[in-house]
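Below is one structure, written out as structure tokens, with a few remarks after it.
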Amino acid sequence: MTGLGPTGATKPGRGRGRLVAVGVALLLAWGGVGYRLVVVQGVQAATFSDHGEGQRVQRETLAADRGTIFDRDGRELAVTVDSVTVYANPLEIDDPATVARLLAPLIGEPPGEILTRLAADSTFVYVARQLERDQAQRVKEALLPGIYFLDEPKRAYPLGSLTAHVVGFVQPDDNRGLEGLELQYDTPLAGTPGELVVERDPQGRTIPHGDYSIVPAEPGSDLVLTIKTEIQFAATEALQRGIDRTGAVSGTVVVLQPETGEVLAMVTLPGYDPNDRSGIDSSLYRNRAVTDLFEPGSTQKLVTIAAALESGLVDPWTAFDIPEAIEIEDTRFEDFTVHPDQLTVTEIVAYSSNLGTILVGELLGARLMHEHMYGFGEGRATGVDFPGEAGGILSRPEDWCPSTCVAGTSIGYHVAVTPLQMAQVYATVANDGVWVQPHLVREIVDGHGAKMPVIAHERQVVSAETAGRVRLMLEAVVDLGTGGSASVIGYRVGGKTGTTQQFDVETGEYSEEKVVASFIGMAPINDPKVVVAVVLDSPLEDASGGSGAAPIFAEVMEAALHQLGVPPDGS
Amino acid sequence: MTAPARSVPILVPRAGLRVVVESDRRRVPIGGWILVASVLFAAFLGMIWSRTALDHNAFDIQEIEYQIEIEEARYWELRLEAARLQDPARITTLAEEMGMVYPDQVRTIVVSGVGGPGADAEDRWAELKGLLSASP
């Protein structure tokens with residue numbers, strides 16, 4: 001046996017001491033472990049448990065899919081697609097100039113602008129927002145340092161500027177509506193976000209059998225609009241040609257279905273592309289058909305004549321001796337069309353006689369005229385489902401000036417309306433005297449497919465007989481009067497021209513040069529299916545309703561009748 | 001000198017007791033225990049396998065869900081593309097490039113009794129036209 005000294009024996013006390021030392025060391029070690037065990041598993045168990053849970057369990061907001069906007073035929077006008085946003089941590093980029101140079105062709109931006117962002121003293125800068133997947137993939141494959149990627153939903157408008165003023169657009173950051181129907185119907189379109197509670201491993205994978213609960217997101221509702229894309233396109237093209245021909249500053253076209261109040265087309269030019277709004281003047285966002293006011297001028301004569309017919313003060317063949325002019329205080333009213341000295345009420349409309357209409361208006365008086373104007377919807381918003389609608393200007397009859405107000409109002413001055421309001425007046429006549437609330441959304445389809453049709457309010461404004469008589473007078477305007485350019489081959493068309501001097505705020509007088517040229521009409525006159533209103537702002541050539549706006553009307557009306565399959569009624 | 005002899009105790013079974021020889025039947029049944037242990041082990045392995053399979057399936061499901069998301073995204077991208085292709089402005093441009101034009105003249109064929117105005121409206125219009133023509 002080794003270890004035995006020459007004496008042949010060890011000292012028993014030393015061996016026992018080592019044993020005791022080892023034992024104590026082990027005891028202390030185990031004691032330490034035990035103490036820590038008690039602390040971890042007992043005293044601080046809840047703290048550690050929460051800490052671990054906080055690392056594993058993640059609460060994620062599940063974004064609701066924003067609803068799609070369709071036209072009346074199911075064509076997509078606004079769609080949400082997945083996109084990839086590229087961002088960078090500039091502090092991780094050692095050579096920003098090289099990274100910017102490599103990124104430039106991939107994202108289509110000048111290297112200088114990218115470099116400016118990459119040189120920022122920040123841990124997060126956007127490099128490119130909402131790229132399409134293919135484009136983002138090319139950036140990913142470049143394996144650039146400090147460049148990261150983030151999935152983001154992106155709103156896309158496949159028809160671009162064609163329906164921009166109606167559909168509007170969303171804010172890119174959060175996809176909330178900013179303009180148009182995107183704003184008006186933001187709540188139903190947006191849906192309700194959900195929540196996912198899930199345990200994930202360090203690689204971000206879901207831990208099976210871990211905590212898992214989900215409150216699914218409620219997808220946004222889809223909107224089916226009343227807009228018919230083909231008519232919208234035809235109206236846009238016709239209006240653009242009209243603006244090019246006349247040199248007008250801007251123009252508006254509204255196409256209505258009088259029986260239902262559905263807006264088939266609503267165009268404002270100049271337009272903009274909602275997919276790329278960089279550098280766009282925000283004034284272009286305005287849907288002038290709903291927000292801008294103009295004095296209706298001669299198109300207002302329909303209201304005056306309809307009111308007089310409805311009140312029994314005149315009939316279509318009541319004749320008036322038309323003077324050379326009517327002077328009221330400092331204001332002189334004249335006719336701008338050549339016509340006989342005596343005109344029937346029908347001829348007053350056909351020749352667009354200011355003087356004849358003033359005579360009819362004087363018969364009506366302020367109160368009766370106001371009553372019918374208000375009945376037709378002037379001076380109050382139509383309630384169309386569009387944000388920022390202007391209500392128009394129509395003073396109470398007791399506030400009308402005793403001198404020129406009745407005369408001026410009867411021929412469309414002292415009152416301001418939107419193109420939609422005025423189109424609605426004509427739609428009322430087209431619909432046998434029944435005013436139907438205009439609307440842009442036909443039905444809302446929720447995330448489960450349930451359809452909620454939009455119900456339009458109605459009210460009878462004038463009798464069907466009066467409306468029928470007025471329609472025939474409007475046909476006379478196109479057949480015999482100032483609206484000859486509005487005729488459509490194969491159809492009986494009725495309408496009214498309007499040429500209004502614009503009020504110059506700077507001089508405080510009506511401008512001799514700036515006018516609003518308009519034409520509003522309907523077809524087929526016997527049973528109108530379509531009403532079209534055309535308004536041109538400040539045309540330089542063909543600066544009248546008959547020569548400037550009526551040809552545009554004819555183009556739009558023909559396209560609308562053909563698109564809707566309305567059979568010709570002979571002309 | 002002779003020492004007194006000491007008596008040696010003899011082991012004799014006490015009365016009422018008997019010697020029993022151990023038999024094979026009393027031995028521990030080792031085969032049974034092995035069987036039980038094997039079954040338990042197999043069950044344990046089975047449980048581990050099933051747990052692993054479940055985990056594997058869970059990851060597969062997660063991957064499939066991710067693929068579904070990708071396909072859904074692709075679906076909407078294709079719908080967007082289809083909508084862009086249906087843009088009337090694009091179609092018009094292509095049609096013009098192909099030499100298509102709007103007709104110069106439109107011929108309307110009116111079929112008797114289809115879409116024509118009612119007699120009542122005709123009469124009223126004839127009346128009004130008569131009045132208009134009678135004007136000075």
Among residues 230-240 of chain A, those lying within the under-4.5 Å heavy-atom range of chain B are Phe233(A)
>> Nearest 0.5 Å, please: how far is CD in Gln86(B) from CG in Asp73(A)?
In response: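 Atom-to-atom, Asp73(A):CG and Gln86(B):CD are 10.0 Å apart.
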Closest heavy-atom pair, Glu77(B) versus Asp82(A), reported as atoms and distance to 0.1 Å, is OE2-O, 4.0 Å
Applying a strict 4.5 Å limit to non-hydrogen atoms, the region of Leu343(A) in contact with chain B is neither
Cut-off 4.5 Å, heavy atoms of chain B, and the answer for Tyr212(A) is neither
Check the surroundings of atom CD in Gln563(A): do more than 12 heavy atoms from other residues, nucleotides or ligands lie under 6.0 Å from it?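 Yes, because the 6.0 Å sphere around CD of Gln563(A) holds more than 12 heavy atoms from other groups.
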Original post:
Does a sphere of radius 6.0 Å around CG in Asp60(B) hold more than 12 heavy atoms from other residues, nucleotides or ligands, not counting ones at 6.0 Å or beyond?
Top reply: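 Counting neighbours around CG of Asp60(B), more than 12 heavy atoms of other residues, nucleotides or ligands fall under 6.0 Å, so yes.
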Applying side chain to side chain donor-acceptor pair (under 3.5 Å) to Glu71(B) and not counting sequence neighbours gives none
- Excluding sequence neighbours, so at least two apart, what forms side chain to side chain donor-acceptor pair (under 3.5 Å) with Glu555(A)?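 With neighbours one apart ignored, the set is Arg241(A).
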Side chains of [X] and [Y]: closer than 4.5 Å at any heavy-atom pair?
X	Y	answer
Pro88(B)	Arg75(A)	yes
Trp76(B)	Val79(A)	yes
Pro158(A)	Asp87(B)	no

Under 4.5 Å, heavy atom to heavy atom: which of residues 90-98 of chain B reach chain A? Give them by number, or say none.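 Near chain A, by residue number: Thr92(B).
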Bottom line for Ala89(B): the part with an atom under 4.5 Å from chain A's heavy atoms is both
